[in-house]
Q: 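The structure is given below, and queries will be raised subsequently.
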Amino acid sequence: MNIIITGASSGIGAELVRRYKKRGHKVFEISRRSEYACDVSDFDKLREIVKEITSKHTIDMVIANAGISYPHSTDFMKFEDFKNTIDVNFISVHALLESIVPQMKKEKRGRIVLISSLAGFVASPTSLAYSASKRALNSYAEALRNQLAPFGIKVINIQPGFIETEMTAKNRFKMPFLMPLKEGVDKIEYAIAKNKKEYAFPFIFATAVKFLSILPTNIKDFVLKTWISNKN
């Protein structure tokens, strides 16, 4: 397979690159420290890179993994930080797919993998932009999945909890059900192999978060406020 992976220089992305290359697949790595060096929030450069790749290669799978998160805080975020989070975690996905989707539609096949988060189900007051970006990504995945289904293209939305990466290492609170990197990537690979439309994990944490998301607003707010109090 020919595979494009963003956020490829560390964490989940780097581990996915290592595994797919080991199996003999051609992997195009896009990140600030990869062969195709690019901050995905530089939309013009990202689009240019992907256009260059797709002009020479037919892409079988793309994994939109790039993501950032600022330290959890109840302070109101600076506009620049908020915009950067939304740009990297959400808007860059559409820029990434601009040249890939038409190619896949022409081929009538392909897989688009979006790495979202359990944070997309319940908006944490301490990660305003991150939660918003992942909730938007969940909606995007649902719309895209149904838009592209007639063309035989699979859209896979993966929603992990906490996984040991450089990003989560910045957190200064106890992360429930924190998973080792390799275990987390095992789950991601499983979801991809099975063409899961949506795959949230770990199971117990995901179930609790989904349950919280459907509770009445007053109850949900009480739980979130209690959680913040315990973190401070």
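Computed from a predicted structure; not experimentally measured.
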Q: Counting distance only, does the side-chain N/O of Gln103 pair as donor-acceptor with the main-chain N or O of Thr54 below 3.5 Å?
A: yes
Q: Return all side-chain donor-acceptor pairs below 3.5 angstrom for residues 188-196, not counting sequence neighbours, or 'none' if the list is empty.
A:
from	atom 1	to	atom 2	distance (Å)
Glu189	OE1	Arg19	NH1	2.7
Glu189	OE1	Arg23	NH2	3.4
Glu189	OE2	Arg23	NH1	2.5
Glu189	OE2	Arg23	NH2	2.9

Q: Could you state whether Val93 and Val50 fall into the same hydrophobic cluster, counting links through intermediate Ile, Leu, Val, Met, Phe, Trp or Tyr residues with side-chain heavy atoms under 4.5 angstrom apart?
A: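 Linked, Val93 and Val50 end up in one cluster.
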Q: Can a donor-acceptor pair be found, under 3.5 Å and without considering hydrogens, that links the side chain of Arg135 to the backbone of Phe121?
A: yes
Q: Mark yes or no for whether Asn2, through its side chain, and Thr58, through its backbone, hold a donor-acceptor pair below 3.5 Å.
A: yes
Q: Same cluster or not: are Val113 and Ile30 linked, directly or through other Ile, Leu, Val, Met, Phe, Trp or Tyr residues, by side-chain heavy atoms under 4.5 angstrom apart?
A: no
Q: With a 4.5 Å cut-off on side-chain heavy-atom distances among I, L, V, M, F, W and Y, is there a chain of contacts connecting Ile12 to Ile3?
A: yes
Q: When you look at NE2 of His94, are more than 12 heavy atoms from neighbouring residues, nucleotides or ligands closer to it than 6.0 Å?
A: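 Result for NE2/His94: open.
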Q: Between Asp60 and Arg109, is there a salt bridge with N-O shorter than 4.0 Å?
A: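 Salt bridge flag = yes for Asp60 with Arg109.
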Q: Okay, side chain of Ser131, backbone of Ser124: is any donor-acceptor separation there less than 3.5 Å?
A: yes
Q: Taking the side chain from Lys154 and the backbone from Leu148, do they hold a donor-acceptor pair closer than 3.5 Å?
A: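 No.
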Q: Do Leu137 and Phe201 sit in the same hydrophobic cluster, where Ile, Leu, Val, Met, Phe, Trp and Tyr count as joined when their side-chain heavy atoms come under 4.5 Å apart?
A: no
Q: For the backbone of Asn65 and the side chain of Thr6, can you confirm whether one donor and one acceptor N or O come within less than 3.5 Å of each other?
A: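 Flag set: sc Thr6 to bb Asn65 pair under 3.5 Å.
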Q: Do Met179 and Lys187 have side-chain heavy atoms sitting under 4.5 Å apart?
A: yes
Q: With sequence neighbours excluded, tell me which residues meet ring pair (Phe, Tyr, Trp, His ring centres under 6.0 Å) with Phe28.
A: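 Phe28 satisfies ring pair (Phe, Tyr, Trp, His ring centres under 6.0 Å) with His57 only.
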Q: Under 4.0 Å between a Lys/Arg side-chain N and an Asp/Glu carboxylate O for Glu80 and Lys83?
A: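 No.
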Q: So, the side chain of Ser34 versus the backbone of Tyr36: is there a donor-acceptor pair under 3.5 Å, distance only?
A: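 Such a contact is absent between Ser34 side chain and Tyr36 backbone.
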Q: In terms of heavy-atom contacts, does CZ of Arg32 have more than 12 from other residues, nucleotides or ligands at under 6.0 Å?
A: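 Incorrect, the count does not exceed 12.
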Q: For the backbone of Ser116 and the side chain of Gln159, can you confirm whether one donor and one acceptor N or O come within less than 3.5 Å of each other?
A: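 Answer holds: no.
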Q: Are Phe79 and Ile86 linked, directly or through other ILVMFWY residues, by side chains that come within less than 4.5 angstrom of each other?
A: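 Phe79 and Ile86: separate clusters.
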Q: Please name the pair of heavy atoms, one in Glu35 and one in Val27, separated by the smallest distance, quoted to 0.1 Å.
A: OE2-O, 3.2 Å
Q: Quick one: does Thr207's side chain have a donor or acceptor within less than 3.5 Å of a partner on Phe203's backbone?
A: yes
Q: Do other residues, nucleotides or ligands put more than 12 heavy atoms under 6.0 Å from the CG atom of Leu215?
A: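 Above 12, so yes.
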